[in-house]
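Below is one structure, written out as structure tokens; comments come after it.
Reckoned from all heavy atoms, side chains included, excluding hydrogens, waters and symmetry mates.
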Amino acid sequence: MKNIFFWIINTFVIAILLNSCNDEVPEINKINIDTAAVGDTITINGTNFLSDDLRYRIYIDTTSYINREDCLIWQNNKITFIIPDSAKSGMVKVKRGDILSNGLMLKIGKL
């Protein structure tokens, strides 16, 4: 009986810890446009874009990034930024500290 009680408590604690860790991962749900051009304003919607860690970036493809201070808006569920000259088509990802979000494809066309 004692072993069952400890197993239940341990399982409960592990479940809480796993769920709280998963909630902290930034996740992109939507980008307001599929195709854009350099200089266009883009909005990303999602969750968990903010934390205690003050290192924030948006990556486009793996060759271009935008720091938080260069964004127009950076909120927990919404980021708005202007596509830089160096950006190429690719996956858009949010990096918060050392944690990288899922990615969504953004095509960057030429004017």
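The CD1 atom of I33 sits 8.0 Å away from atom CD1 of I83, with the distance rounded to the nearest 0.5 Å. Once rounded to the nearest 0.5 Å, the distance linking NZ of K107 with CD1 of I31 reads 12.5 Å. Taking OG1 of T80 as the reference point, atom CG of L72 lies at 6.5 Å (rounded to 0.5 Å). Taken from NZ in K93 to CD1 in I58, the straight-line distance is 14.0 Å, to the nearest 0.5 Å. Separation of atoms CE (M91) and CG (L104) is listed at 6.0 Å; rounding is to 0.5 Å. To the nearest 0.5 Å, the span separating OG1 on T41 from CZ on F81 amounts to 9.5 Å.
Contact detail for R57 and N67: the closest heavy-atom pair is NE-OD1, 2.8 Å. Listed here is the closest heavy atom pair of T43 and K78: CG2-CG, 3.8 Å. Nearest heavy atom pair, residue V94 against residue P26, reads O-CG, 4.2 Å. Across all non-hydrogen atoms, the minimal contact from I28 to V92 is CD1-O, 3.3 Å. Shortest non-hydrogen contact noted between A87 and I60 is CB-CD1, 4.1 Å. Between K95 and D98, the shortest heavy-atom distance links the atoms CE-CA, 4.1 Å.
With hydrogens and angles disregarded, no donor-acceptor distance shorter than 3.5 Å links the side chain of R68 to the backbone of L54.
At a threshold of 4.5 Å between non-hydrogen side-chain atoms, the residues N48 and V25 do not count as touching. Side-chain atoms of C71 and I66, non-hydrogen and from C-beta on, do get closer than 4.5 Å to each other. Between N77 and N45 the shortest side-chain heavy-atom distance does not fall below 4.5 Å.
Linking ILVMFWY residues whenever their side-chain heavy atoms come closer than 4.5 Å, directly or via other members, leaves I82 and I79 in distinct clusters. Cluster membership for Y56 and Y65, using ILVMFWY side-chain heavy atoms within less than 4.5 angstrom, is not shared. Residue L50 is grouped with residue I44 when hydrophobic side chains (ILVMFWY) are merged at heavy-atom distances under 4.5 angstrom, including chains of intermediate members.
By the ring-ring contact (aromatic ring centres under 6.0 Å, His included) test, F49 pairs with no residue at all, sequence neighbours left out.
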